**Q** 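My questions will all concern the structure given below.
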Amino acid sequence: MTRRLRVEWAPGHKVTARLLIPPEAGRTGILLANGAGAGQDSAFMSFMRAGFAGEGYPVMSFDYPYQEAGRRSPDARSRLDACHLAAAVRLGGYVEHVVWAGKSMGGRIATHLVADGAPAAAVVVFGYPLLPPGKTEPRDTDHFATIRAPVLLVQGTRDRLAPLEALEPRLGDLAHGEIALVEDGDHSLRVPKRTGLTEADVWGSVVAIVCSWLQDALPDQS
């Protein structure tokens, strides 16, 4: 059963989180952060939350302050960081190790926080947003060089915000970086109808890929 929590990210300011701890849960939990455009109860986030819990991982998702307030525009970076860190600390009260996972913006924020020294067993990003929407100049990824945790980027081959020819060379800046491709996937890891695959097919394969990668990357932290 999903537990509803309130996470205090600043004095007097709280956001809603959802925690799933499956029976016989392992020692490593997964923190799921949202993308900029949808909250923790979007179809993708709900699927990932249930999928990872089904594989034995305690999972917690949360909303950023602007999402909690029902606003569309993301908060300033300092507020996003503070909320994200507070959520990681809260999950850390239930597990020994935390994997920082996030969709698009949430994954990008995770890479910055871990690069700045936040403790992480690993980092998983679903659709790294290398290009800001409507822009052609890639975001600075110099912080990749200071991330020591294993990093997995799950990218659609049709993702307009992360052209592979621009993203793949940056993997060399990561101490332990890998990329997993979703053939024909867009930024939300959805594929065209012509493939004959449903969202559940694709997203289920993503859960399997990530879990297999985690078992290899963190053999002593299950």
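Only a predicted model underlies this, so the values are computations on that prediction, with no experimental measurement involved.
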**Q** Checking the side chain of Thr195 only, and the main-chain atoms of Val191 only, is there a donor and an acceptor separated by less than 3.5 Å?
**A** no

**Q** For Glu137 and Pro132, work out which heavy atoms get closest and say how close.
**A** O-CD, 3.5 Å

**Q** Rounded at 0.5 Å granularity, tell me how far CG in Leu161 sits from CG in Leu130.
**A** 9.0 Å

**Q** Under 4.5 Å between any side-chain heavy atoms of Arg190 and Trp203, yes or no?
**A** yes

**Q** Does Leu32 reach the side chain of Met45, with side-chain heavy atoms less than 4.5 Å apart?
**A**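 Touching, per the 4.5 Å side-chain cut-off.
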
**Q** For the side chain of Gln67 and the backbone of Pro74, is there at least one donor-acceptor N/O pair under 3.5 Å apart?
**A**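 No, Gln67 side chain to Pro74 backbone: no donor-acceptor pair under 3.5 Å.
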
**Q** Is the distance between the ring centroids of Tyr128 and Phe144 less than 6.0 Å?
**A** yes

**Q** How are the rings of Trp100 and His84 set relative to one another: parallel (under 30°), tilted (30 to 60°) or perpendicular (over 60°)?
**A** parallel

**Q** Would Val207 and Phe47 count as a side-chain contact (heavy atoms from CB on, under 4.5 Å) here? Give the steps.
**A** CA-CA 9 Å; Val207 170; Phe47 191 101; 4.2 Å; yes

**Q** Going by atom types only, do Arg170 and Thr141 share a side-chain donor-acceptor pair under 3.5 Å?
**A**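 On atom types as modelled, these side chains qualify, holding a pair under 3.5 Å.
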
**Q** Between Leu91 and Leu31, what is the shortest heavy-atom contact and its length?
**A**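 Reported closest heavy-atom pair: CD2-N, 3.7 Å.
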
**Q** For the OG atom of Ser46 and the CD atom of Gln40, what is their distance to the nearest 0.5 Å?
**A**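 The distance works out to 8.0 Å.
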
**Q** Give the cluster check for Ile109 versus Leu131: same hydrophobic cluster or not, with ILVMFWY residues linked at side-chain heavy-atom distances below 4.5 Å.
**A**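 Ile109 and Leu131: separate clusters.
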
**Q** In this structure, would Val59 and Tyr94 fall into the same cluster of hydrophobic residues linked by side-chain contacts under 4.5 Å?
**A** no

**Q** Quick check for you: to the nearest 0.5 Å, what is the distance between Asp184 atom CG and Leu197 atom CG?
**A** 9.0 Å

**Q** So which heavy atom on Val7 is nearest to which on Ala17, and how close?
**A** CG2-CB, 3.8 Å

**Q** Just wondering, do Asn34 and Lys103 contact through their side chains at under 4.5 Å, heavy atoms?
**A**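 Not in contact.
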
**Q** Would Asp41 and Arg49 pass as an ion pair if we require N to O under 4.0 Å?
**A**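 Salt bridge between Asp41 and Arg49, a charged N being under 4.0 Å from a carboxylate O: yes.
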
**Q** Find out whether Val154 and Val210 are in side-chain contact, i.e. whether some heavy atom of one side chain is under 4.5 Å from a heavy atom of the other.
**A** yes

**Q** Could you tell me if the side chain of Val114 sits less than 4.5 Å from the side chain of Asp116, heavy atoms only?
**A** no

**Q** When clusters are formed by joining ILVMFWY residues with side-chain heavy atoms under 4.5 Å apart, either directly or through shared neighbours, do Leu189 and Val99 land in the same one?
**A** yes

**Q** Run the numbers on Arg90 and Leu5 for side-chain contact (heavy atoms from CB on, under 4.5 Å), then give the verdict.
**A** CA-CA 9 Å; Arg90 186 63 177 273; Leu5 306 176; 3.9 Å; yes

**Q** Which heavy-atom pair separates Leu171 from Gly177 by the least distance, and what is that distance?
**A** CD2-C, 4.4 Å

**Q** Using 30° and 60° as the class limits, which term best fits the ring planes of His13 and Trp9: parallel, tilted or perpendicular?
**A**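 Answer is tilted, since the angle falls between 30° and 60°.
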
**Q** Do Pro58 and Ile30 make a side-chain contact, defined as non-hydrogen atoms from C-beta onward lying under 4.5 Å apart?
**A** no

**Q** Tell me, do Glu68 and Arg6 make a side-chain contact under 4.5 Å, heavy atoms counted?
**A**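 Answer yes - side chains close enough.
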
**Q** Shared ILVMFWY cluster between Tyr64 and Val98, side chains joined below 4.5 angstrom?
**A** yes

**Q** Using a 4.5 Å cut-off on heavy atoms from C-beta on, say whether the side chain of Asp81 contacts that of Leu113.
**A**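 They are in side-chain contact.
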
**Q** Between Phe44 and Ser188, what is the shortest heavy-atom contact and its length?
**A**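 Nearest heavy atoms, Phe44 then Ser188: CD1-O, 4.2 Å.
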
**Q** Please check this pair: side chain of Asp173 against backbone of Ala145, looking for a donor-acceptor N/O pair closer than 3.5 Å.
**A** no

**Q** Side-chain heavy atoms nearer than 4.5 Å, only ILVMFWY residues, links allowed to pass through others: does that put Val182 and Val124 together?
**A** yes

**Q** Would you please name every residue forming a salt bridge (Lys or Arg N to Asp or Glu O under 4.0 Å) with Arg148, sequence neighbours left out?
**A** none

**Q** Can a donor-acceptor pair be found, under 3.5 Å and without considering hydrogens, that links the side chain of Asp63 to the backbone of Val15?
**A**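 Checked: no pair found.
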
**Q** Does the pair Arg108 and Arg139 meet the rule for a side-chain contact (heavy atoms from CB on, under 4.5 Å), with working shown?
**A** CA-CA 10 Å; Arg108 180 172 65 87; Arg139 288 187 167 100; 3.6 Å; yes

**Q** Would the distance check show the side chain of Arg18 and the main-chain N or O of Met60 forming a donor-acceptor pair, the cut-off being under 3.5 Å?
**A**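 Not confirmed, Arg18 side chain does not pair with Met60 backbone.
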
**Q** Give the intermediate values and the outcome of side-chain contact (heavy atoms from CB on, under 4.5 Å) for residues Leu153 and Val151.
**A** CA-CA 7 Å; Leu153 305 181; Val151 178; 3.9 Å; yes

**Q** Which class fits the ring pair His112 and His143: parallel under 30°, tilted 30 to 60°, perpendicular over 60°?
**A**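 Plane angle under 30°, so parallel.
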
**Q** If only side-chain N and O atoms count, and only distance matters, is there a donor-acceptor pair under 3.5 Å linking Thr28 with Glu96?
**A**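 No pair is found: no donor N or O on one side chain lies under 3.5 Å from an acceptor on the other.
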
**Q** Got a second to check how far Ser73's OG is from Tyr66's OH, nearest 0.5 Å?
**A**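 Here the interatomic distance stands at 8.5 Å.
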
**Q** Hey, is CZ on Arg160 packed in by over 12 heavy atoms from elsewhere, all under 6.0 Å?
**A**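 Open.
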
**Q** With rounding to the nearest 0.5 angstrom, report the CD to CD1 distance, Glu168 to Ile179.
**A**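 Answer rounded to 0.5 Å: 5.0 Å.
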
**Q** Taking atom CG of Leu218 and atom NE2 of His97, what is their separation to the nearest 0.5 Å?
**A**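 Separation between the atoms: 8.5 Å.
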
**Q** Where do Ile21 and Ala25 come nearest, in terms of heavy atoms and distance?
**A**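 The answer is CG2-CB, 3.9 Å.
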
**Q** Thr198 and Asp201: side-chain donor and acceptor closer than 3.5 Å?
**A**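 Yes, a side-chain donor-acceptor pair sits under 3.5 Å.
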
**Q** Could you check whether any side-chain N or O of Thr2 sits under 3.5 Å from a backbone N or O of Leu19, counting only pairs where one atom can act as donor and the other as acceptor?
**A** no

